[in-house]
Amino acid sequence: MATLKDKLHEKIQEWRPRVKKLNEEFGNVEVDKVTISKVLGGMRGLKCLVTDISYLDPNEGIRYRGYTLKEVFALLPKPKGSEMPYVEGLLYLLLTGEIPSEKEAMECADEFSKRRIVPRYVYEVIDAFPCCSHPMTIFSSAILTMHRESFFNKKYFAGIHKEDYWEPMFEDSLNLIAKLPEIATYIYSKLYRDGKRIQSNPNLDFGGNFAFMMGKDKPYDDVSRLHFIIHSDHESGNVSAHTGHLVASSLSDIYLSISAMINGLAGPLHGLANQEVLRWLQELMDRMGGAEPTEDELKQYVWETLNAGMVIPGYGHAVLRKTDPRYTLQREFSLKHLPDDPLFKYVDMLYKVVPPILMEHGKAKNPWPNVDAQSGVLQWHYGVREYDFYTVLFGIGRAIGIAANIIWDRALMYPLERPKSLTTDMLEKIAGINTKSKAKEAIK
Ligand code: HAX
């Protein structure tokens, strides 16, 4: 793929001396302080990672390559008659930092089209899964199975210069991303449509083809483009992005890395929250017997959840301190296309009710909704009601951003990740607490 790869190569040449200079001349400059609460608190907010693909501001939300989401949606080229841009254009932007022309986005679409055929054995692995397996488990395993296809591995074991690692990583990434919609829709048809599968249409773009394989008419193609684009990246520290980066840092190939990131995404505090929102709302709907709850009934339900020691899914965030712009974009789409949808009305009522309750509850640092509070509404409205599939959709989008990060990790030759751990005794000593370790006593 001459154009994108050449452009990427050019950017890599520009970037390498910058990283080299920082490392060699400014390596001892302090970036952040490591306090005990950061060590014990999941490294929350600790500035110890680097990525140029995206940056998350607590108040403004995510920027991809310096562009806000609104700018990304306004600037990226769109298929004719569509509200939402090509997902292929997003990949171009994440990799190069430049807004592609329509032609450049289409070249990416051609590459995906050429690489989309999934090996037969992947389908056999999916078919062999026992019933009731979660679609994220199947998705992760299907990706893992393709480890044997890795071009990077072949090159590595044949002997390749470190500076060239990024090239086979790029090829593997495109090969994998192109196949994800095929794999995901196969899992969907197998789990929920008695295996009745719609073959892909190679003339359609990434989002359009996904909608086609899901058997959905317009505007589900735009829903898919919107979904994949907003879920693609959220800087490096979130569980899925960090997992992908960490695994790839040992020079594991893209299949091992993306499968691992999918496993991180499958946790309820992260990507699975979109499924949890629907499950939680469904419980309320069942309780209401289909009737719309009053505001007081909704408040009572929220308090019951909190008083039972559970979280309100789709609310709160480790970094954001305002309503997630990814939530807002989906809300705006819903207001335009499905203002009377009963589920949207529920979710919109929650937007009014939950933040003041979380503030009164006094624990969550961010009482506002995140991306997962809205994404299920769109899927539900367009007939994808099997909500345990929603995180797979998230995973397709997220794979694009993480692959872009991993290609750049290789390009800038970032090393194996290896922070240092301490014992509780050591932390107590640092804190000046005088205690005798039971563990030490036991050893004596
Ligand atoms: N409901 C109830 N309590 C919440 C809460 C919520 N939505 N959000 C945070 N809290 C609680 C935390 O559980 C924590 O309680 P403890 O002190 O008892 O441990 C306290 O408030 C402080 O947490 P925080 O500092 O505000 O938030 P964290 O950085 O620890 O966690 C989470 C961020 C996203 C995990 C958290 O807000 C949460 O659990 N939200 C609900 C699940 C969810 O929507 N996850 C998806 C987040 C977006 C994402 O990654 N998508 O993939």
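Sequence positions, counted from 1, serve as the residue numbers for this chain. In each ligand, atom 1 is the first atom listed, and ligand 1 is the first ligand listed. Every heavy atom of this structure was used, including side-chain atoms; hydrogens, water molecules and symmetry mates were not.
Note on Arg287 versus Glu304: salt bridge recorded, some NZ/NE/NH1/NH2 to OD/OE distance being below 4.0 Å. Residues Glu104 and Lys7 are not paired through a salt bridge, judged by the lack of any N-O separation under 4.0 Å between the basic side chain and the carboxylate.
At a heavy-atom cutoff of 4.0 Å, ligand 1 is contacted by the side chain of Arg44 but not by its backbone. For Asn238, no heavy-atom contact with ligand 1 is shorter than 4.0 Å.
Distance check for atom 33 (C) of ligand 1: a protein heavy atom is found below 4.0 Å. Inside a 4.0 Å radius of atom 14 (C) of ligand 1 there is not any protein heavy atom. Counting only heavy atoms, the protein never gets under 4.0 Å from atom 19 (O) of ligand 1. Less than 4.0 angstrom separates atom 43 (C) of ligand 1 from at least one non-hydrogen atom of the protein. Taking a distance limit of 4.0 Å, we find that atom 23 (O) of ligand 1 is approached by no protein heavy atom.
On a distance-only criterion, Lys363 and ligand 1 share at least one N/O pair closer than 3.5 Å. Taking any N or O of Ile312, backbone or side chain, at least one lies under 3.5 Å from an N or O belonging to ligand 1. Considering backbone and side-chain N/O of Leu306, none are found under 3.5 Å from N/O of ligand 1. Between Ala364 and ligand 1, an N or O atom pair is found at a separation short of 3.5 Å.
Near Gly314, meaning under 4.0 Å from any of its heavy atoms, are these atoms of ligand 1: 43 (C), 44 (O). Within the listing of ligand 1, atoms 52 (O) sit less than 4.0 angstrom from a heavy atom of Gly271. Within ligand 1, the atoms closer than 4.0 Å to a non-hydrogen atom of Ala273 are 43 (C), 44 (O), 45 (N), 46 (C), numbered from 1 in the order shown. Atoms of ligand 1 found under 4.0 Å from any heavy atom of Asp372 (numbered from 1 in listed order, with element): 46 (C), 48 (C), 49 (C), 51 (N), 52 (O). Atoms of ligand 1 lying under 4.0 Å from at least one heavy atom of His317, given by number and element, are 33 (C), 34 (C), 37 (O), 48 (C).
With atom 40 (N) of ligand 1 as the reference point, the heavy atom nearest to it among Trp368, Tyr327, Tyr315 is part of Tyr315. Of the candidates Ile357, Leu269, Leu265, Val354, it is Leu269 that places a heavy atom closest to atom 46 (C) of ligand 1.
Stacking of Arg279 on the aromatic ring of Trp380 is not recorded, the 6.0 Å distance cut-off and the 45° axial limit not both being met.
Between Thr68 and Arg63, the side chains place no donor N or O within less than 3.5 Å of an acceptor N or O (distance only, hydrogens not considered). A donor-acceptor pair shorter than 3.5 Å cannot be found between the side chains of Glu332 and His337. There is a side-chain donor-acceptor pair under 3.5 Å between His381 and Asp341. Under 3.5 Å, the side chains of Arg398 and Ser232 contain no donor-acceptor pair of N or O atoms. Looking only at atom types and distance, the side chain of Arg197 has a donor-acceptor partner in the side chain of Tyr123 under 3.5 Å away. Side-chain contact annotation: Glu386 with Tyr188, donor-acceptor N/O pair under 3.5 Å present.
A pairwise comparison of heavy atoms in Phe112 and Ala178 identifies O-CB, 3.4 Å as the closest pair. When all heavy atoms of Leu75 and Ile99 are compared, the pair lying nearest together is O-CG2, 3.6 Å. Contact between Asn274 and Tyr390 at its shortest, heavy atoms only, is ND2-O, 3.3 Å.
At the shortest separation from atom 25 (O) of ligand 1 among protein heavy atoms lies Lys365 NZ, 2.8 Å. His270 ND1, 3.0 Å is the protein heavy atom nearest to atom 52 (O) of ligand 1. Here the heavy atom of the protein found nearest to atom 3 (N) of ligand 1 is Val311 CG1, 3.9 Å. In terms of protein heavy-atom proximity, atom 47 (C) of ligand 1 is nearest to Asn370 ND2, 3.4 Å.
Ring centroids of Phe152 and Tyr165 are separated by less than 6.0 Å, placing the two rings close together.
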